[in-house]
Enquirer: 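Mind having a look at this structure? Questions to follow.
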Amino acid sequence: MSRNTLITEPLQIPPLETVQGHILHDQKRFPGASGEFSWLLSGITLATKMIQAKIRRAGLTDILGATDDVNPQGEVQQKLDVYANQVILQCLSFRESIGILASEENERPLTLPQRTGQGKYAVIFDPLDGSSNIDVNVSVGTTFSVLRRPETSSNDDVASWLLQPGCKQVAAGYVVYGSSTMLVYSVGNGVHGFTLDPAIGSYILSHPNIRIPEQGKYYSLNEANLADSPAGYTRFVERLRSGGLGQRYSSRYIGSMVADFHRTLLKGGIFLYPPTTEHPDGKLRLLYEANPVAFIAEQAGGLATDGTQRILDLQPTSVHQRTPLIVGSPVEMAEVERCLRATGGTSS
Ligand code: P6P
């Protein structure tokens, strides 16, 4: 075929939409963004590709196991936690639109002074949630939340920038490192899932416009803690077990929030980490675990509360604060609320 022959037959290559292509369609959510948000998100996609490459080979290289350090939560840092944190900080610190980076692994947020006054977005993230599962080859995840700098705050007014309720998120999402690596995010315009194709090193749109089923078949919580939580949660689980919602349920608990939520998002049902004796304010962190998950859940037609009120309405008081998290399909969420009211387990 000569060099000048026009291709008249349609190529046999299926249409592939990457994250960047997709986010450009969503740019309207970022007036004046002029591609800066897609550049920000490309920092997350690059970092998570590097993380997944390490995770996939963890058993072969000296990347498994724990360090001698503990994180701000007092949890022993896994070597992969440290690597994942460093990679995300490195990839995102080059994004000019970012003024603050806050990580589960760092006591204090990182302000990027070279952009004083220029930074528009803060990114709050958990680089590797569920990392204690890495040594036993269980799925783990990365979560992220993006907040715009409030009009009234300066670049160094970290508190007013980070401590915004989750309803102010301009974007949020997670990457689940499971049987495949999948990025799920929303910019407030629906929820979209991209699966990493290792052959070409790109995230490809595989789950456009994800909607959580109205009702699911799975409930997910650490049942060992049930007796230590308010009685309404036991009442709820008993209702599910007894077919009270018109069907049989199965219990599924991976012990990795991102993986447990991802299944709930795609299959429906409910994931719960209620208050317990050990964690009376809940175990999961509000800013970089509950808020991103709640944002995604609501964008997909689900609900997320702390047992009393909507997660996205909670006013944070500190970067690492914890919260109970109950998130899932409308049917199960309505039932758990009924059970909590009936037993006085919720103040609302
Ligand atoms: P438990 C992982 O350590 C984590 O932070 C979440 O990913 C997960 O949902 C939860 O803790 C599991 O906690 O008490 O059931 O082991």
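When a ligand or atom number is given, it counts from 1 through the structure's own listing order.
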Enquirer: Report, in ascending order of atom number, the atoms of ligand 1 lying under 4.0 Å from any heavy atom of S256.
Expert: 7 (O)
Enquirer: Do we see a donor-acceptor contact under 3.5 Å between the side chains of S220 and R263?
Expert: yes
Enquirer: May I ask you to identify the nearest protein heavy atom to atom 4 (C) of ligand 1, giving residue, atom name and distance to one decimal place in Å?
Expert: D129 OD1, 4.1 Å
Enquirer: Quick one: does D260 get a heavy atom under 4.0 Å from ligand 1?
Expert: no
Enquirer: For atom 11 (O) of ligand 1, which of the options E223, K283, R322 provides the nearest non-hydrogen atom?
Expert: K283
Enquirer: Looking only at N/O atoms, are M257 and ligand 1 under 3.5 Å apart anywhere?
Expert: yes
Enquirer: Go through ligand 1 atom by atom and flag the ones less than 4.0 Å from a non-hydrogen atom of G255.
Expert: 2 (C), 8 (C), 12 (C)
Enquirer: Is it true that R241 and E223 make a salt bridge, defined as a side-chain N closer than 4.0 Å to a carboxylate O?
Expert: yes
Enquirer: Find all atoms of ligand 1 within a distance of less than 4.0 Å from any non-hydrogen atom belonging to Y253, and give their numbers and elements.
Expert: 1 (P), 12 (C), 13 (O), 15 (O)
Enquirer: Would you say the side-chain atoms of Q169 and S145 include a donor-acceptor pair closer than 3.5 Å?
Expert: yes
Enquirer: Take F194 and Y185 through the ring pair (Phe, Tyr, Trp, His ring centres under 6.0 Å) test and state the conclusion after the steps.
Expert: CA-CA 9 Å; F194 297 77; Y185 86 90; 5.8 Å; yes
Enquirer: Checking H320 against Y288 for the ring pair (Phe, Tyr, Trp, His ring centres under 6.0 Å) test, could you report, in this order, the C-alpha distance in whole Å, the side-chain angles of both residues, the deciding distance, and whether it holds?
Expert: CA-CA 8 Å; H320 298 294; Y288 42 81; 5.8 Å; yes
Enquirer: I'd like to know if the side chain of T317 pairs up with that of Q321 as donor and acceptor (distance under 3.5 Å, no hydrogens or angles considered).
Expert: yes
Enquirer: Y273 to ligand 1: N or O pair under 3.5 Å?
Expert: yes
Enquirer: Just distances here: any N/O of N225 and N/O of ligand 1 closer than 3.5 Å?
Expert: no
Enquirer: State the atoms of ligand 1, each with its element, that fall below the 4.0 Å cut-off from a heavy-atom position in N222.
Expert: 1 (P), 14 (O), 15 (O)
Enquirer: Taking the cut-offs as 6.0 angstrom to the six-membered ring centre and 45 degrees off its axis, would you call K217 and Y249 a cation-pi pair?
Expert: no
